[in-house]
Amino acid sequence: MPTYFITLWRIGVFIGALVPLGWWSLHVATNMAGPEPGRYLLLNIGQGALWLLLLTLSLTPLTRLTRWKGFSVIRRQLGLWTLAYAFLHFVCYVLFILGLNWAQLGSEIVKRPYIIVGMLALSGLAALGATSNRWAMRKLGKRWKTLHKLIYIILALVLLHFLWIVRADMQEWFLYAMAGALLMCLRIPAISRILPKVRQRLKHSV
């Protein structure tokens, strides 16, 4: 794959990840975000973090299915964008819900346990982001893969966090949960080994 194409691909992914933030910010700036623009940003950025998490988890199955290396070269990039969105989601909560009143955080945690779940997921994403570089891979050795399997637990925490928030709309949550379950199933070794065979069958059928 030419180097210039990889660079363009990475730039395209970068712009694609920025677009939703710009779109939501434009809605707030033009008074199109409803009566609670802070909550609008909080919910949309949180949902964006879930989208990016699912996209990141889809890259390995897509690479095995298509053998296109373009998916693997953006794995770290999308993972860091997932962390960025999750952190911005937390910042929106602190700014617009708590009003920077950290003393209120303790009572909010007692009343709303989903906050604990969300903070655990954010902490996990931060740990993965901090160790997503080559230096950490060399330093951790075999433990690196074990650590990065936390992504499965993080997905479960994020879905639980989201479930607590959208209990009135279970259909939306169910779609995300099904997508997450499918991606987890595709990582089961017995199923993962089938993906190249599926690619071959599709290739011959064309």
Side-chain angles (χ1 to χ4, degrees), residues 13-14 16-18 20-21 41-63 71-98 102 105-106 108-167 172-189 192:
V13 171
F14 182 87
L18 272 179
L21 291 175
L41 286 176
L42 172 72
L43 295 176
N44 279 286
I45 291 174
Q47 197 165 0
L50 177 53
W51 295 344
L52 286 166
L53 179 59
L54 292 172
L55 280 173
T56 303
L57 287 168
S58 72
L59 294 176
T60 296
L62 283 172
T63 302
F71 291 124
S72 60
V73 299
I74 61 167
R75 186 184 297 116
R76 180 173 182 266
Q77 185 179 0
L78 275 188
L80 291 175
W81 270 114
T82 304
L83 171 60
Y85 267 66
F87 180 72
L88 286 174
H89 177 64
F90 175 70
V91 169
C92 287
Y93 170 73
V94 172
L95 283 176
F96 304 123
I97 305 302
L98 293 184
W102 290 99
L105 182 59
E108 285 288 302
I109 288 174
V110 173
K111 291 187 295 184
R112 299 176 176 85
Y114 65 81
I115 296 173
I116 298 177
V117 174
M119 291 179 71
L120 286 173
L122 177 59
S123 300
L125 286 171
L128 297 190
T131 57
S132 64
N133 52 75
R134 292 182 180 179
W135 179 86
M137 292 177 71
R138 289 195 302 268
K139 201 73 175 177
L140 292 171
K142 292 182 179 180
R143 291 174 295 174
W144 187 87
K145 284 189 176 182
T146 302
L147 174 64
H148 279 249
K149 286 181 181 178
L150 275 175
I151 194 68
Y152 309 137
I153 298 174
I154 291 169
L155 175 61
L157 290 172
V158 170
L159 287 172
L160 179 59
H161 176 73
F162 191 55
L163 173 63
W164 249 315
I165 295 172
V166 295
R167 283 177 292 182
E172 183 182 13
W173 179 86
F174 182 75
L175 291 174
Y176 285 120
M178 288 298 294
L182 174 62
L183 290 172
M184 291 301 96
C185 287
L186 290 175
R187 287 172 175 267
I188 297 172
S192 179

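The figures that follow rest on heavy atoms only: side chains count, while hydrogens, waters and symmetry mates do not.
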Roughly how far, to the nearest 0.5 Å, is the [atom2] atom of [Y] from the [atom1] atom of [X]?
{"X": "Cys185", "Y": "Met178", "atom1": "SG", "atom2": "CE", "result": "8.5 Å"}
{"X": "Phe90", "Y": "Ile115", "atom1": "CZ", "atom2": "CD1", "result": "9.5 Å"}
{"X": "Asn44", "Y": "Tyr85", "atom1": "CG", "atom2": "OH", "result": "10.0 Å"}
{"X": "His161", "Y": "Arg112", "atom1": "NE2", "atom2": "CZ", "result": "12.0 Å"}
{"X": "Trp144", "Y": "His148", "atom1": "CH2", "atom2": "NE2", "result": "4.5 Å"}
{"X": "Asn133", "Y": "Leu80", "atom1": "CG", "atom2": "CG", "result": "9.5 Å"}

For a 4.5 angstrom cut-off between non-hydrogen side-chain atoms, does [X] reach [Y]?
{"X": "Leu57", "Y": "Arg187", "value": "yes"}
{"X": "Ile165", "Y": "Leu43", "value": "yes"}
{"X": "Leu128", "Y": "Thr82", "value": "no"}
{"X": "Ile74", "Y": "Leu59", "value": "yes"}
{"X": "Leu160", "Y": "Tyr114", "value": "no"}

Identify the two heavy atoms, one from [X] and one from [Y], that lie closest to each other, and give their separation to 0.1 Å.
{"X": "Pro113", "Y": "Trp164", "answer": "CB-CH2, 4.1 Å"}
{"X": "Leu41", "Y": "Cys92", "answer": "CB-SG, 4.1 Å"}
{"X": "Val158", "Y": "Ala121", "answer": "CG2-CB, 3.8 Å"}
{"X": "Thr56", "Y": "Gly79", "answer": "OG1-N, 3.7 Å"}
{"X": "Gln47", "Y": "Tyr176", "answer": "NE2-OH, 2.7 Å"}
{"X": "Ala130", "Y": "Ala136", "answer": "O-CB, 4.5 Å"}

(request) Show your working on side-chain contact (heavy atoms from CB on, under 4.5 Å) between Leu155 and Ile151 and close with a plain yes or no. (result) CA-CA 6 Å; Leu155 175 61; Ile151 194 68; 5.8 Å; no
(message) Atom CZ of residue position Phe96 - does it have more than 12 heavy atoms of other residues, nucleotides or ligands inside 6.0 Å?
(response)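 Atom CZ in Phe96 is crowded, with more than 12 foreign heavy atoms closer than 6.0 Å.
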(request) Count the heavy atoms belonging to other residues, nucleotides or ligands that lie under 6.0 Å from OH of Tyr152, then report whether that count exceeds 12. (result)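 Result for OH/Tyr152: enclosed.
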(message) Test side-chain contact (heavy atoms from CB on, under 4.5 Å) on Leu55 and Trp81; report intermediate values, then the result.
(response) CA-CA 11 Å; Leu55 280 173; Trp81 270 114; over 6 Å; no
(request) Could you check Ile116, Val117, Leu122 and say which one makes a side chain to side chain contact (heavy atoms under 4.5 Å, CB included) with Leu120? (result)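 Answer after filtering Ile116, Val117, Leu122: Ile116.
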